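One structure below.
All values reported here derive from a predicted model rather than from experimental measurement. Throughout, protein chains are lettered first and strands after them, A, B, ... in sequence-line order, and every chain is numbered starting at 1.
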Amino acid sequence: MSDRFDPARADIRWQAAWDEAQCFRADDNSPKPRSYVLEMFPYPSGRIHIGHVRNYTMGDVLARYKRMRGHEVLHPMGWDAFGMPAENAAMGKGVHPGGWTRENIANMKAQLKRLGFALDWSREIATCEPEYYGHEQALFLDLYEHGLVYRKESAVNWDPVDQTVLANEQVIDGRGWRSGALVERRKLSQWFLKITDFADELLEGLGSLDKWPEKVRTMQENWIGKSQGMQFRFDLSNGEQLEVYTTRPDTIFGASFVAVAADHPVAQSVAMTNCDAAKFIDLCKQGGTTAAELETAEKLGFDTGIGAKHPITGEYLPVFIANFVLMDYGTGAIMAVPGHDQRDFEFATKYGLPISRVIAASADEAGKPFDGEAEAGDGICVNSGFIDGMPVAEGKAAVIARAEAEGWGEGKTVWRLRDWGVSRQRYWGTPIPFIHCEVCGVVPVPKKSLPVTLPEDVDFSVPGNPLARHPTWKHADCPQCGKPARRETDTLDTFVDSSWYFLRFASQPDDKPFDPAQIAKWLPVEQYIGGIEHAILHLLYARFWTRALARIGKIEVKEPFGSLFTQGMVTHETYTINRPPTEEEKRVFGWTDEAAHESITQYLSPNEIERRGEQVFEKATGRPVKVGRVIKMSKSKKNVVDPDEIVATYGADAIRWFMLSDSPPERDLPWSEAGIEGCARFVQRLWRLFGQFDASAEGEDKAVDRKAHQTVAAVAEDIESLGFNKAVARIYELAGVIEKAAPSASRSEAIRKLLLLVSPMMPHLAEEAYATFGEGLVANAMWPEVDPSLLVEDEVTIAIQVNGKLRDTEVVAKGLDKGSLEAVAVANAKVQAILSGATPKKVIVVPDRLVNIVA
RNA sequence: GCGGACGUGGCGGAAUGGUAGACGCAGCGGACUUAAAAUCCGCUUGGGUAUCCCAGUGCGGGUUCGAGUCCCGCCGUCCGCACCA
């Protein structure tokens, strides 16, 4: 065995050996217990990001570990290959989205291979290939046949200059990212999936997901947003009725005005005759469509002059059109209670409307003024007629009961969850398989004609949807009447692609999306791993899609992901230097010489800096560099590192080890050059240790045996709970113990165990060393057995406290009874010194842990 | 704005309500070496009148024999918000 482990040679050698032996190919017919380990598949942006390395290393360790425990493991990989970046590349660089994407996939696949992941590449899928999206179209038609797909009008961000629909991320401060034009909300007829039909199920289902993080379940619960409230009607002064919904019927006596959304029919009809109202509605249409934008915008309103008769007091309340009322939630109209809703409070303050208290902590506080903000909390009803004195919950029920008795309203459950709009006015996505016929209306493409494929010859020289302006593609004959008709030119949201890919991984027949029998065998995914940023949308859509397929009888499984883990981001320091502006910049930005002394802050990449002791300098110029905050790696801040370069310098095992070390996997992991060097040193340290394996060594070393068995048991637990950083710490400890131990059979056996323990984490090093043992591939080895009798210690160190403060420790036999422990503690010299003859008031004894003497 | 999380040495972190700082990184000292690298050994929360004592887990309160952990109120940071993936 050579003294140094050479990753450059070993990585390639063992990756080839695994390929050759097809170690990681999942056998659909295996009799072994199954484990489906899945990491969220990547968008093929071109290069693997270090965050991917972290994600896939975690999954890989688990997959390899499960194999060692005798499981048949499905660990697949694919590409979420549709989406905007490919179109942006097409517009920016003049390349075809398909060519660009496929090239990226080839590059990233090679990068993943260099990291030595135990993936079943025979099941690789790319969502942009007709072999995948054709099946998606078929599933979409199945949902359509079962009434789960429909069309309705919905708002999009419209760029009036580029004449195109913008994604939310393309709207910056209310303006289009390319044109700079003020964005408008415009309505288009679009395709929707009836996720709201499943709102109850999706909410209920969360209860069974006990292996999901609590926070993700809470976020989904809030997102679905079930609320029980009251829907009721105001009689308007113009003779019409206005239906409103409220979650707080208990505050009805505090209503001081009524507000409707800008696109509410009442607002529209006012606008017909009142041009100020029409102008106001136009004003409301400015800006983007995101909730954050709508809710942080200044509260604006327009008094329609209409009065709404309060159903209990009979008083007339003014009706406003308000920009903070959402048409999509409830009825698009609200009763506003400024005292107990912050938005209403701000609005009332601005427009001088009454703010009255109807909830208070107690009856005596009925007259208490507000402290500059609404009070949304609990309490009892005050100034509220027949519900005075009732707690909030009781007040709600009483008001609903009265409304129902008098016929002007009723209790109603309302969901925050909206139906899923899947139409995208873009090229690089799954074509929606429908045809618009003037005679027959909207007609599905017959399944035998699937897939509807994207045309290759498209023009990205102007903004907008290339499908819509393609000269021939959209012309198709109506499948029903045969007359010339028009193809749907919208494509599907890419979240649809990622809502069923885990099913296709488990089974991929040519003639249908999947084989239900195989789905039943592999699903649910035993462990799903990905970023927290997918906590709501992707995970909710995938749950919905799975349930929808179950409801229409395509599969049995209802929840796709049995256990979910959300990993943290990889972060890095930022480096900046200040430099004076160039002549060019002075000219372009119009800086005068006086202003030009203000220097420009420029980011540097980790490659462009060097450390000399504590200080950091720019390599090229030697100027001092300012070290900034540790933040998420991003291209704009240049604080990125390239996994390929790391692998080339330190080897795959070192970067894998770094990804698992130190930070708990759910938290952020700060990348550091020093850290990766430490990992590379540990790889070599293990190599030297493995080289000391001596099958002929004799003699027993109980302490080493004990440590080895304890570590095997603990690391197994840590891996199963994805506590990789804890497993890493234990492996360091075991390595330290073995290094200090004298040669013995126990020591050699401990070295063998250590090798097996690290093999899921550093598979190349482990193979290289295991090869010298002559026992085949470690990838096919079994996890070491644990002797339970070696797990327990016979002595323990207990803490001796006086008044909860540590004063000493004592080593005692494990399991010593309370009385003896108390005697040991009281006899302790330091305790005696502190007590100085006094009798303890009380003694608390926790066996094997501590004794606390209360003096 | 709404929803969700997080906060412990110089840094990443460990700690079923029971010895705070395991383990790693960085740093310092030493051994080996002509020298360097590599490797090995030791030290490393702060303060003090230093074999000992005091303080200490973002801040302020509380529960408890005992709180990093539980409760209440702040402060700070991060993530999501439906057309980024």
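- Distances shown here put a side-chain N or O of A/N222 below 4.0 Å from the OP1 or OP2 atom of B/rG4.
- Within 3.5 Å, no donor on the side chain of A/E533 pairs with an acceptor on the base of B/rC78, nor the reverse.
- Of all nucleotides listed (B/rU19, B/rA85, B/rA82), B/rU19 comes nearest to the side chain of A/L806.
- Mapping A/V854 and A/E677 onto RNA chain B by nearest heavy atom places A/E677 closer to the 5' end of the strand.
- Heavy-atom neighbours of A/R185 CZ from other residues, nucleotides or ligands within 6.0 Å: above the threshold of 12.
- Of the candidates B/rA38, B/rA85, B/rG18, the closest approach to any side-chain atom of A/L850 belongs to B/rG18.
- Under 3.5 Å, the side chain of A/Q425 and the base of B/rC83 form at least one donor-acceptor pair of N or O atoms.
- A donor-acceptor distance shorter than 3.5 angstrom exists from the side chain of A/E87 to the backbone of A/Y427, with no hydrogens or angles considered.
- Applying the 4.0 Å criterion to OP1 and OP2 of B/rA14, one finds that A/R667 has a side-chain N or O inside that range.
- On the C1' atoms, B/rA82 is 14 Å away from B/rC2, given to the nearest whole Å.
- For A/P664, counting side-chain heavy atoms from C-beta on, the closest listed nucleotide (B/rA85, B/rA14, B/rC83) is B/rA14.
- Between A/F198 and A/F544, the ring planes are perpendicular. Angles over 60° get that label, and only those under 30° would be called parallel.
- A straight line from CG of A/L537 to P of B/rA82 spans 8 Å, rounded to a whole angstrom.
- Phosphate contact (OP1/OP2 of B/rA15, side-chain N/O of A/K726, threshold under 4.0 Å): present.
- Comparing the same atom, C1', in B/rC78 and in B/rU64 gives a spacing of 33 Å after rounding to whole Å.
- Position along RNA chain B of the nearest nucleotide to A/A799 versus A/R424 favours A/A799 as the more 5'-ward residue.
- In the set B/rG12, B/rA38, B/rC83, B/rG12 carries the atom at the smallest distance from any side-chain atom of A/D662.
- Ring planes of A/F495 and A/H538: parallel class, angle under 30° (limits at 30 and 60°).
- By the neighbour-count criterion of 12 heavy atoms within 6.0 Å, atom CZ of A/R178 is densely surrounded, having more than that number from other residues, nucleotides or ligands.
- Taking 4.0 angstrom as the limit, A/N725 places a side-chain polar atom (N or O) nearer than this to OP1 or OP2 of B/rA14.
- Protein atom CG of A/L492 is 13 Å distant from nucleotide atom P of B/rA85, rounded to whole Å.
- For B/rC25, neither phosphate oxygen OP1 nor OP2 lies less than 4.0 angstrom from any side-chain nitrogen or oxygen of A/S672.
- If you take CH2 of A/W671 and C1' of B/rC11, they are 16 Å apart, rounded to a whole angstrom.
- When heavy atoms are screened at a 4.0 angstrom cut-off, A/F495 is found touching base atoms of the nucleic acid.
- Atom CD of A/E666 has more than 12 heavy atoms from other residues, nucleotides or ligands within 6.0 Å.
- Straight-line distance from the CZ atom of A/R217 to the C1' atom of B/rG4: 14 Å, rounded to whole Å.
- Of the candidates B/rU19, B/rG18, B/rC41, B/rC41 carries the atom nearest the A/K740 side chain, counting heavy atoms from C-beta on.
- Checking B/rA85, B/rC81, B/rC23 against every side-chain atom of A/W223, the shortest atom distance belongs to B/rC81.
- Rounded to whole Å, the C1' atom of B/rG12 lies 13 Å from the corresponding atom of B/rG21.
- Listed nucleotides B/rG3, B/rA85, B/rA22 differ in distance to A/E733; the shortest reach to its side chain belongs to B/rA22.
- Residue A/R426 places no side-chain N or O under 4.0 Å from the OP1 or OP2 atom of B/rC83.
- The distance from atom CG of A/D80 to atom C1' of B/rC84 is 11 Å, rounded to the nearest whole Å.
- Separating the C1' atom of B/rU44 from that of B/rA37 is a span of 25 Å, rounded to the nearest Å.
- An OP1 or OP2 oxygen of B/rA26 is reached within less than 4.0 angstrom by a side-chain nitrogen or oxygen of A/R681.
- To the nearest 0.5 angstrom, A/T566 atom OG1 is 4.0 Å from A/I532 atom CD1.
- Comparing the same atom, P, in B/rA15 and in B/rG4 gives a spacing of 26 Å after rounding to whole Å.
- Each of B/rG4, B/rG18, B/rA85 was ranked by its minimum atom distance to the side chain of A/N852; first place goes to B/rG18.
- At least one side-chain nitrogen or oxygen of A/K805 sits closer than 4.0 Å to the OP1 or OP2 atom of B/rA55.
- To the nearest whole angstrom, the two P atoms, one in B/rU45 and one in B/rC11, are 13 Å apart.
- Taking atom P in both B/rC81 and B/rG13, the straight-line distance is 25 Å, to the nearest Å.
- Nucleotides B/rA31 and B/rU16 are separated by 43 Å at their C1' atoms, to the nearest Å.
- Side-chain proximity of A/R685 to the nucleotides B/rA85, B/rC40, B/rC23 is greatest for B/rC40.
- Closest to the side chain of A/Q801, from the set B/rC40, B/rG12, B/rU19, is B/rU19.
- Relative orientation of the A/Y732 and A/W657 rings is perpendicular, given thresholds of 30° and 60° on the angle between their planes.
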